[in-house]
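Quantities reported herein were computed from a predicted structural model and do not represent experimental measurements.
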Amino acid sequence: MIFVTNNSHKLQEVSAMLGGKINLQSLRDIGCMDDIPETAETLEGNALMKARYIYEHYGTDCFADDTGLEVIALGGEPGVYSARYAGPGHDSEANMQKLLANMEGKSDRRAQFRTVIALIKEGREYLFEGIVTGCIMEEREEGEGFGYDPIFCPDGYKHSFAYLGDEVKNRISHRARAMEKLVEFLGRE
């Protein structure tokens, strides 16, 4: 099945979660180097936009995801703009710095990561959502991961996703929760 991504971190993360249950191919594997638009105002809209693009152009079953970090004190920002929060270019470091600057002086540091997966199978569309709640840390922690992982601490833990590492993150993350729903659905089909 095609996973609509060229993000190698995300591809590795999802492949590890699937544990060989589904043979994944990336956009690169199918020779798609197109810049697929992500201009919707919602995570659901962006995930569907990417999946529909591949289904329409390649005629194959696929799934795409979109993820946002939603911070309570910032009215849900960066949300759908998480990857481009500090401007174009998907610069994780700049995004984290902007978020930490915007959180200065804020006592409510609650946040959630939310992933929406859009699956197109035999022309039918399905959506799966995964959420993990936590808080934005005062300072970044080094470790594995990407995006906002160094500054997001999931509920029930004392360290960031980055510090906890991929093995723990892949069990408890927003993407893991959405992927569980996808795999369960595909297992019933």
Side-chain angles (χ1 to χ4, degrees), residues 1-70 76-92 95 111-133 145-149 152 161 166 169-189:
M1 179 165 293
I2 307 301
F3 179 24
V4 184
T5 189
N6 270 324
N7 181 322
S8 60
H9 292 291
K10 201 186 282 190
L11 187 64
Q12 285 176 323
E13 190 176 280
V14 169
S15 292
M17 287 176 203
L18 293 172
K21 293 176 187 158
I22 297 172
N23 181 24
L24 275 191
Q25 290 186 305
S26 69
L27 293 175
R28 183 169 287 118
D29 294 328
I30 62 167
C32 178
M33 298 303 164
D34 301 351
D35 189 16
I36 301 172
E38 293 183 62
T39 55
E41 294 296 316
T42 64
L43 299 175
E44 292 83 355
N46 277 340
L48 281 167
M49 191 177 280
K50 293 186 283 188
R52 286 172 180 158
Y53 183 92
I54 294 304
Y55 191 78
E56 288 166 9
H57 288 83
Y58 293 84
T60 185
D61 291 349
C62 62
F63 69 93
D65 76 327
D66 200 22
T67 295
L69 175 63
E70 300 167 339
E77 285 186 9
V80 73
Y81 304 106
S82 293
R84 304 173 298 281
Y85 193 48
H90 302 274
D91 183 336
S92 294
N95 290 337
Q112 68 179 20
F113 265 119
R114 189 165 68 94
T115 291
V116 175
I117 294 174
L119 167 69
I120 300 181
K121 186 169 184 339
E122 298 171 0
R124 298 191 63 193
E125 297 178 352
Y126 306 90
L127 292 173
F128 306 92
E129 179 184 69
I131 294 173
V132 66
T133 57
F146 61 100
Y148 296 93
D149 288 357
F152 181 81
F161 267 158
D166 288 343
K169 180 186 172 190
N170 288 347
R171 281 197 324 265
I172 66 169
S173 78
H174 45 294
R175 190 169 290 112
R177 291 172 179 179
M179 286 301 301
E180 282 173 19
K181 293 175 183 175
L182 172 67
V183 170
E184 180 184 333
F185 174 82
L186 290 172
R188 291 191 313 242
E189 285 291 292

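Between Val132 and Phe161, the closest side-chain pair of non-hydrogen atoms falls below 4.5 Å. Between Arg52 and Glu125 there is a side-chain heavy-atom pair separated by less than 4.5 Å.
Within the model, atoms CD1 of Ile54 and CD1 of Ile120 stand 9.5 Å from one another, a figure rounded to the nearest 0.5 Å. A distance of 7.0 Å separates CG in Asp29 from CD1 in Ile2, rounded to the nearest 0.5 Å. In this structure, the separation between OH on Tyr53 and OH on Tyr58 is 6.5 Å, given to the nearest 0.5 Å. Taken to the nearest 0.5 Å, the OG1 atom of Thr5 stands 9.5 Å off from the CZ atom of Arg28. Interatomic distance, CD1 of Ile131 versus OG of Ser173, reported as 12.5 Å (0.5 Å rounding). Atoms CG and SG, from Leu119 and Cys62 in turn, are 7.5 Å apart once rounded to the nearest 0.5 Å.
Contact between Met1 and Phe63 at its shortest, heavy atoms only, is SD-CD2, 3.6 Å. Of all the heavy atoms in Leu24 and Ser15, the pair that sits closest is CD1-OG, 3.8 Å. Closest approach of Gly45 to Ala40, counting heavy atoms only: C-CB, 3.4 Å. The heavy-atom pair separating Ile117 from Met179 by the smallest distance is CD1-SD, 3.4 Å. Pairing each heavy atom of Ser82 with each of Gly79, the nearest pair is OG-O, 2.6 Å.
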Self-check item: side chain to side chain contact (heavy atoms under 4.5 Å, CB included) evaluation trace for Thr115 with Leu43
Solution: CA-CA 7 Å; Thr115 291; Leu43 299 175; over 6 Å; no
Self-check item: Stepwise side chain to side chain contact (heavy atoms under 4.5 Å, CB included) test for Val4 and Ile36
Solution: CA-CA 9 Å; Val4 184; Ile36 301 172; 3.9 Å; yes
Quiz prompt | Worked check of salt bridge (Lys or Arg N to Asp or Glu O under 4.0 Å) between Arg114 and Glu44 | solution = CA-CA 10 Å; Arg114 189 165 68 94; Glu44 292 83 355; 2.9 Å; yes
Practice problem: Please assess Val116 against Thr67 for the test side chain to side chain contact (heavy atoms under 4.5 Å, CB included), listing each intermediate value before the final yes or no. | Solution: CA-CA 6 Å; Val116 175; Thr67 295; over 6 Å; no
Exercise. List the steps, then state whether side chain to side chain contact (heavy atoms under 4.5 Å, CB included) holds for Met49 with Thr39.
Key: CA-CA 8 Å; Met49 191 177 280; Thr39 55; 3.5 Å; yes
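Residue pairs meeting the salt bridge (Lys or Arg N to Asp or Glu O under 4.0 Å) criterion with at least one partner in residues 53-67, sequence neighbours excluded, are Lys10-Asp65, Asp65-Arg175.
Inspection of the Glu41 and Tyr81 side chains reveals an N or O donor paired with an N or O acceptor under 3.5 Å.
Side-chain atoms of Tyr55 come within 3.5 Å of backbone atoms of Gly123 as a donor-acceptor pair (strictly under, hydrogens ignored). Side chain of Asn170 to backbone of Ala176: no donor-acceptor contact under 3.5 angstrom is found.
Ring pair Phe113/Tyr148 is tilted by interplanar angle, where 30° to 60° counts as tilted.
Residues that satisfy the salt bridge (Lys or Arg N to Asp or Glu O under 4.0 Å) test with Glu77, not counting sequence neighbours, are absent from this structure. For Ala111, the side-chain contact (heavy atoms from CB on, under 4.5 Å) partners two or more places apart in sequence, or in a different chain, are Leu69, Val71, Ile136, Phe152.
A cation-pi arrangement is found for Lys169 relative to Phe146, the charged atom lying closer than 6.0 Å to the ring centre and inside a 45° cone about the ring normal.
Ion pairing between Arg177 and Glu129 fails under the 4.0 Å rule for side-chain N and carboxylate O.
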